[in-house]
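Every chain is numbered from 1, with letters handed out A, B, ... down the list of sequences.
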Amino acid sequence: MTVRSTTDSTPAAGIDSASSSTSPMTTPSPFVTLISSDGFEFHVRRSAACVSGTIRRMLNTRSNFSESVTGVCHLENLNAMVLEKVVEYLYYNEKHKESRDVPDMEIPSELCLELLMAAEYLDT
Amino acid sequence: MYVGWAARRAATNAIRGPQSALTDFLASHNISAHQIHQEHQRRLREAQQQAAQETGEADENKENESDPGDEAVEERKKRKRKEEKAIMKIKQSKEFKRRKFEEKIKKRQKGSGDDDDSDYDDDSIARNMLYKKAQPMPGQFENCEICEKRFTVTAYSKTGPEGGLLCTKCSKELGKEEKKKQQPKKRGPLKGKRRQTESDRMMGDVKPGAKSLVEICVRKVVANIVDIEEFGDLPQTLLDRLSQVLSQKRALDPRTLEFFLQADSSRIAIYDAAKLETDDFEKIFSFMPELEDVNLRNAGQMKDEVLLYMLDHNPKIKHLQLGAANLITNHGWLQLFQKQGPKLESFKTCDLDAALDDSAIEALVQHCPNLQRLKLKKCWQTTERSIQCLTSLPSLHHLSLSICPDTSAETLSTLITTIGTPLETLSLESFHNADDTTLTAIHRTCTELSKLRFTNNAICTDAGFASLFSNWPNPPLPTIDLSDNRDIDNQNPDGPAERPIGLASMGFQALMTHSGSRLEKLNVKACRHISHEALLRVFDHEKHTYPMLRDMDLSFVAPVDEVVTTAIFRCCPKLEKLAIFGCNQVRGREVRIPAGVAVIGMMDAQESVVVEGGWERGDV
């Protein structure tokens, strides 16, 4: 688990990876970085990150967004607690893509409103 | 409480004869007459035994009182013999056998399972019975086992866990506990889950995978609505969704209403305002001066004063939709149209039986020249006159009428011919006197329609519908609803064979030929004269595909069977929802449903429905 943070508190979530900087010539790396408003970085598999429509459009290689080149998305309106839960959902969604009757993921009640706004923003 | 496992089992297996009313009454209160009887008998027996033993021992003691000295050893011996005699006697009694059985059950539950010390246990049981004070007879006093209160023993006194008797209070509580223990068994876990999956399927939610995070969060928020103090700055789409779910859960009350009152918002939608009082409606209008779009359904408590307040404080309102606002009087409606009329661009209302009569509609027509959308549904005070005066509305683009079922066909034709040209939406529901002339009027006048609804009629003929859709300059329509167009004749359920009534084979084929390329939502519920051949001809995947059709309702179209449904899946690649209520020829077991399609209303719709995962609809 690697999470680099500028502040010194929990949560620790990030998924382990070796994030390499991408040059425009090589194929894009399988991992991307999502950074919360308070500086926590989450290394996430690209396929999972693209469950979110907003992130998918940001990372679209055909667009001219800087995110698609660097593979790094700054999500300024999400704090680390919310972003951690979002990342958990992205993996949950990807894992259960083909199953039926998937139970709802657990969400702590304190987070639900902020998470709702985040989900709406991220189109997920 | 123990009657005795064996006794209870015997009672349930036994054949039941006729029972008295009293027994039935007691049974309905969970009191078993049999149980009480047994308890009573048992206590009588024990009391008798005890009495017999005491007298026996007293006699023996009298005999032995004369020698004190070396009595010590002898006495002990004698006592032992007496004890053993008494124990032997007890072991023969029924009560002993019952208690032994209970002990066995207890042991089995605890899991010890050794039979070695069974003799020892027998003795200890018997000894307990010998030395324990026998339960007193009814009429005598006894201390309650649990609460130590003194009470009178009756035939109804329950036995406590240790064998003693309980007072009335404690026995009631014991009864309640028993009830609680038994009740959770009723609902199996599968029952609730199946209902939820059917409900989700009706909402079209059959796509594999997890729900969207937005949906999960909305449900979580609504589940915890009691703890939430405010919503914060949510976008309007989310507020709308929350309003929908809260209304569905009947959690929209004066407290939760506050969450939706955002001062700078231009839109409010409350889908179930049943719990709101008149003051709450005023609050909405006073908190939100920038309102342009108002949608209040089930607004039962909204009164004239609220309307008048709104007219003073909310000048920007352009779109107004009110459902069931039955406390508003005709005077109130008049005020609304006179003051706000020029600004109104859409007006929708339904379920009004106390007011909004012809004069109000005339005022509407007179004062609302900019009205583009009008929806009047189930406004029972209106008559044909209202429909006639609607011809004066100059700029309507969307018209929905479901009023005055007895309107003549002529009035309808006139209306359509006069204002039909710019219409994009035309919805005429339950006009029982409409006939082929109405359809001809639509055919001749309307060329801009994208949504057509014409339902619940038993006069228009199949030929009329076929003419409507044949050579019609109107481009293909995305939304068509022609449900309930069929013959109603109890003597002849199949309708006249020669000239079919309602939407039947010819009409259906003409419809699909005309609009099939753009059709997204189709409703032909209860058009039961459509033939099997027509269905197969329309859904022949070698000749036709319907690339945009996603929602179809074929309920109560009797000829629909598995052949038809399979054909439908083949030529409708984007189909998401298919309703087939009342299609008795479709058996759940044989239908193969592609992934992502919600088929609702099927008979035997249980786990036996085979949902194919990898089956692509293009496959033969």
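Interface remark: A:Tyr121 contributes no atoms to any contact with chain B (heavy atom separation under 4.5 Å). Within the 4.5 angstrom heavy-atom criterion, no atom of B:Asp227 approaches chain A.
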- request: Please step through side-chain contact (heavy atoms from CB on, under 4.5 Å) for the pair A:Leu122 and B:Leu213, ending with a clear verdict.
  value: CA-CA 10 Å; A:Leu122 289 175; B:Leu213 189 56; over 6 Å; no
task: Could you please spell out the steps behind the side-chain contact (heavy atoms from CB on, under 4.5 Å) verdict for A:Val102 and B:Lys211?
output: CA-CA 8 Å; A:Val102 180; B:Lys211 293 196 190 63; over 6 Å; no
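Counting all heavy atoms, side chain and backbone alike, A:Tyr89 lies closest to B:Ser212 at OH-CA, 3.3 Å.
Between B:Val214 and A:Thr124 there is no side-chain heavy-atom pair separated by less than 4.5 Å.
Of the listed residues (B:Asp233, B:Leu242, B:Asn224), the one with the most heavy-atom contacts under 4.5 Å to chain A is B:Asn224. Counting heavy-atom pairs closer than 4.5 Å to chain B, the top residue among A:Glu94, A:Lys85, A:Glu120 is A:Glu120. With respect to chain B, the highest number of heavy-atom pairs below 4.5 Å among A:Ala118, A:Ala119, A:Ser52 belongs to A:Ala119.
Within a 6.0 Å sphere centred on NZ of B:Lys249, other residues, nucleotides and ligands contribute 12 heavy atoms or fewer. More than 12 heavy atoms of other residues, nucleotides or ligands shown are found within 6.0 angstrom of CZ on B:Arg267. Within 6.0 Å of atom NZ in B:Lys521, 12 or fewer heavy atoms from other residues, nucleotides or ligands are found, so the atom counts as exposed in its surroundings. Within a 6.0 Å sphere centred on CD of B:Glu229, heavy atoms belonging to other residues, nucleotides or ligands number 12 at most.
Evaluated for a side chain to side chain contact (heavy atoms under 4.5 Å, CB included) with B:Cys217, the options A:Ile107, A:Asp104, A:Leu111 yield exactly one hit, A:Ile107.
Interatomic distance, CD1 of B:Ile228 versus CG of A:Leu113, reported as 4.5 Å (0.5 Å rounding). Here CE of A:Met105 is found 6.0 Å from CD1 of B:Ile216. Values are rounded to the nearest 0.5 Å.
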